[in-house]
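For reference, the structure discussed in these notes is given below.
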Amino acid sequence: MLDIHFFREHFDEVKAKLATKHFACDCDAVRASDAKRLEALKAFEAARARQQAESKALASLDKTSEAFKETVRNLKVLSDETKRLEASFKAAEAEFQALWLTVPNIPDASVPIGKTSQGNKELYQRHPQNEDFSHACPHYELPNFEHGLDFARGNKVTGAGFPFYVGSVARLVRALIAFFLQSARENGYTELLPPLLVNAASATATGQLPDKEGQMYGTGDGFYCIPTAEVPVTNFFRDEIFEERDLPKKYCAYSACFRREAGSWGKDVRGLNRLHQFDKVELVQWVRPEKSFEALEALRKDAEGLLQALELPYRVLEICTGDLGFPHAKQYDLEVWAAGQQRWLEVSSCSCFTDFQARRANIRYRTAEGTLKFVHTLNGSGLAVPRVLAALLENNHLGDGRIRVPSVLKSWLLEEVIQL
RNA sequence: GGAGAGAUGGCUGAGUGGUCUAAAGCGCCUUCCUGCUAAGAAGGUAAGUCCUCAAAAGGGGCUUCGAGGGUUCAAAUCCCUCUCUCUCCGCCA
């Protein structure tokens, strides 16, 4: 969430900036609700202060005296009044909080203005040397594709979007995950293996709730299957206070991710392009506020390094205001080129949330001067497996169903070529 | 799943209706003392929020003793519900 004081004092500016995002957010209603709640708060606190002062005086009176009985009679009236004011404050507060949670983060001034993904800005492309796509083929049309990726049985066992990875493809997936984690370690990230279910408080802290409830699988008893390891990992330090000298904190985690992908359909969803369950390594950082945008660039380089090592062509997009996520202040997407499908596939999203998540998750640090401030949080995929796998299968196809394995994976996968 | 015991500040832990403005100890910070160190002395040491103030400092109000509700003029304290932790038993990868 935002800083309410900043919201009050820079109302017009905040309102204008939020309008460039595509989230429904009634700033005027928020402001009115905030004013109403403050008024109710003051009335309630004044009444409570009066009540407590009299109550303190009562304690020193003889319980059998007439003065005692008289004071109790007065206090009964005051008590009723306080309770009435407290109830109306609580109602106003609840109304405000519900509204406040629907206010998205403010986009950073550097973010390009745009209404939809059409407004995203391609910063650059990177291509490996000796790029050769002469045998490229959409991965779902490769000979014997179903041997390595069994969608039919996944469909039988669970449903659409839950494939089995078989044999050499399963080992390739495992190798990719291991490579991603190893790289993260070399870049200074501490590995976590997180819970795959989280509670509502965690999902709220990272901004999935209440905004994206429909995108998550719920267990029906208060838990949600994580849509990304970002959720458990960012919440790892929820309600905690760092010492300034301990920042930045850098953690990474591999996890399965579960997404309903409600509303997605058509050509996009073929093969590995969009799954309900997929594997991903996530990078998360907690940094000092003045370092966050610098850290975002470094984080993006960490993710880009993986694509370079895998010798995959990719491009970097700067996401515009209209395509920016709810808690995001600034975001880059990395898209890999899938030569068979002739299209770009998003494999990483690197984002700075400024203090928006930290405020919700109550993650602070003590400055050298001893004051408490909210940290800034960042995260980025490093990377999402299925689309990287799709690009490898398509770009590295040797023309006969065999797939060349990038040499960087040789520590985890002995074969230089896999056969579907 | 069954039985029992618990949840208090950075930590340990006292507190069974009103002087709780939460004891005491530990830790930490400041100052003093002392060749150095150790020891000692004095003081300080939660967070959130609202008000005051040009701002900061300072001051004041309110909230918070696992969470929520209730009883009462008044709740850390009594009652109810929930969550979590620990011990024992059962089951189990």
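Side chains are part of it too, since the values below use all heavy atoms of this structure and drop only hydrogens, waters and symmetry mates. Below, read A as the first sequence line, B as the second, and so on, with proteins coming before strands; counting in each chain starts at 1. All of these numbers come straight from a predicted model, not from anything done at the bench.
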Worksheet item: If the P atom of B/rG58 is compared with that of B/rG44, how far apart are they to the nearest Å?
Response: 15 Å
Practice prompt. Write down the distance separating the P atoms in B/rC11 and B/rA23, rounded off to the nearest Å.
Written response: 16 Å
Practice prompt. Look at the aromatic rings of A/Phe11 and A/Phe7 and report parallel, tilted or perpendicular, splitting at 30° and 60°.
Written response: perpendicular
Worksheet, complete the sentence: In whole angstroms, the gap separating P of B/rC51 from CZ of A/Phe44 amounts to 16 Å
Discussion item. Run the ring pair (Phe, Tyr, Trp, His ring centres under 6.0 Å) test against A/Phe356 and tell me which residues pass, sequence neighbours left out.
Written reply: A/Phe326
Worksheet entry | Inter-nucleotide P distance (B/rG61, B/rU45), Å rounded | 16 Å
Discussion item. Using a 3.5 Å distance criterion without hydrogens, assess whether the side chain of A/Arg402 forms a donor-acceptor pair with backbone atoms of A/Gln419.
Written reply: no
Response to the item:
Looking only at B/rC73, B/rU63, B/rC51, the nucleotide nearest the A/Lys42 side chain is B/rC51
Practice prompt. Flag yes if more than 12 heavy atoms outside A/Glu141 fall under 6.0 Å of its CD atom; otherwise flag no.
Written response: yes
Item to complete: Rounded off to whole Å, could you give me the CG-to-P distance for the A/Leu78 and B/rC62 pair?
Response: 13 Å
Strictly under 3.5 Å: I want the nitrogen or oxygen pairs between protein and nucleotides 45-48 of chain B, one per line.
{"from": "B/rA47", "atom 1": "O3'", "to": "A/Arg364", "atom 2": "NH1", "distance (Å)": "3.0"}
{"from": "B/rG48", "atom 1": "OP1", "to": "A/Arg364", "atom 2": "NH1", "distance (Å)": "3.1"}

Measure all distances between protein nitrogen or oxygen atoms and nitrogen or oxygen atoms of nucleotides 77-84 of chain B, and list the pairs falling under 3.5 Å.
none

Practice prompt. Could you tell me the separation between the CG atom of A/Asp239 and the P atom of B/rA67, rounded to a whole number of Å?
Written response: 12 Å
Discussion item. Without decimals, in angstroms, what is the distance between A/Glu39 CD and B/rC50 C1'?
Written reply: 13 Å
Item to complete: Could you tell me which residues satisfy side chain to side chain donor-acceptor pair (under 3.5 Å) with A/Thr367, sequence neighbours excluded, listed by chain and number?
Response: A/Glu369, A/Thr371
Discussion item. Using whole Å, what does the distance between atom C1' of nucleotide B/rU49 and atom CD of A/Glu93 come to?
Written reply: 10 Å
Item to complete: State whether A/Ser79 places a side-chain N or O below 4.0 Å from either non-bridging phosphate oxygen (OP1 or OP2) of B/rU72.
Response: no
Worksheet entry | Reported CH2-to-CG distance for the pair A/Trp337 and A/Leu312, which is rounded to 0.5 angstrom | 13.0 Å
Practice prompt. Not counting sequence neighbours, which residues clear side chain to side chain donor-acceptor pair (under 3.5 Å) with A/Thr234? List them please.
Written response: none
Fill in: Integer angstrom distance from the C1' of B/rG15 to that of B/rG9
14 Å
Worksheet item: How do A/Lys83 and A/Lys90 order along RNA chain B: which one's closest nucleotide is nearer the 5' end?
Response: A/Lys90
Practice prompt. Could you name each residue pair satisfying salt bridge (Lys or Arg N to Asp or Glu O under 4.0 Å) that touches residues 321-337 of chain A, not counting sequence neighbours?
Written response: A/Arg315-A/Glu335, A/Glu318-A/Lys330
Nucleotides 15-22 of chain B: which of its N/O atoms have a protein N/O under 3.5 Å away?
{"from": "B/rG18", "atom 1": "N7", "to": "A/Lys63", "atom 2": "NZ", "distance (Å)": "3.2"}
{"from": "B/rG18", "atom 1": "N2", "to": "A/Ser55", "atom 2": "OG", "distance (Å)": "3.1"}

Worksheet item: More than 12 heavy atoms of other residues, nucleotides or ligands under 6.0 Å from CD of A/Gln182: is that the case?
Response: yes
Item to complete: Looking only at side-chain atoms of A/Arg48, point me to the closest of B/rC62, B/rA74, B/rU49.
Response: B/rC62
Item to complete: Go through the structure and list residues passing side chain to side chain donor-acceptor pair (under 3.5 Å) with A/Gln285, not counting sequence neighbours.
Response: A/Tyr189
Worksheet item: Can A/Arg153 be said to sit on top of A/Phe164's aromatic six-ring, NZ or CZ under 6.0 Å from centre and within 45° of the ring axis?
Response: no
Discussion item. So that I can tick it off, tell me whether A/Arg300 and A/Glu304 are bridged by a salt bridge, with the cut-off set at under 4.0 angstrom between side-chain N and carboxylate O.
Written reply: yes
Worksheet item: Could you state the CD-P distance from A/Glu86 to B/rG61, rounded to the nearest angstrom?
Response: 19 Å
Item to complete: Enumerate the residue pairs fulfilling ring-ring contact (aromatic ring centres under 6.0 Å, His included) with a member in residues 209-241 of chain A, sequence neighbours excluded, ordered by first and then second residue.
Response: A/Phe236-A/Tyr251, A/Phe237-A/Phe242, A/Phe237-A/Tyr251, A/Phe237-A/Trp286
Discussion item. Say we look at B/rG13 and B/rU8: how far apart would their C1' atoms be, to the nearest angstrom?
Written reply: 9 Å
Discussion item. Quick check on contacts: within residues 198-206 of chain A, what sits under 4.0 Å from RNA chain B by heavy-atom distance?
Written reply: none
Fill in: Distance, P atom - from B/rC73 to B/rG2, rounded to whole angstrom
39 Å
Worksheet entry | Partner residues of A/Glu146 under the side chain to side chain donor-acceptor pair (under 3.5 Å) criterion, sequence neighbours left out | none
Discussion item. Is the distance between the ring centroids of A/Phe353 and A/His376 under 6.0 Å?
Written reply: no
Practice prompt. Pick the C1' atom in B/rU21 and in B/rA67, then give their distance to the nearest Å.
Written response: 26 Å
Item to complete: Could you tell me the separation between the CZ atom of A/Phe96 and the P atom of B/rU49, rounded to a whole number of Å?
Response: 12 Å
Discussion item. Quick check on RNA chain B: between A/Gln51 and A/Leu38, whose nearest nucleotide comes earlier from the 5' end?
Written reply: A/Leu38
Discussion item. Output the rounded distance in Å from CG (A/Asn74) to P (B/rC73).
Written reply: 13 Å
Item to complete: Write down the distance separating the P atoms in B/rC82 and B/rG25, rounded off to the nearest Å.
Response: 40 Å
Discussion item. Considering every strand and a 4.0 Å limit on heavy-atom distances, what is the contact class for A/Arg359: base, sugar-phosphate, or nothing?
Written reply: nothing
Discussion item. Under 3.5 Å for both pairing distances: what stems, at least three Watson-Crick or G-U pairs long, include RNA chain B?
Written reply: B:1-7 with B:83-89, B:10-12 with B:24-26, B:27-32 with B:40-45, B:46-52 with B:58-64, B:66-70 with B:78-82
Item to complete: Look only at the side chain of A/Asp26 and the backbone of A/Ala29, and say whether a donor-acceptor pair between them is shorter than 3.5 Å.
Response: yes
Worksheet item: Looking at A/His276 versus A/Phe258, is the centre-to-centre ring distance below 6.0 Å?
Response: no
Fill in: Side chain of A/Ala49 (C-beta onward), nearest among B/rU63, B/rG61, B/rC73
B/rG61
Worksheet entry | Atom pair OG1/CD1 of A/Thr20 and A/Ile113 - distance to nearest 0.5 Å | 4.5 Å
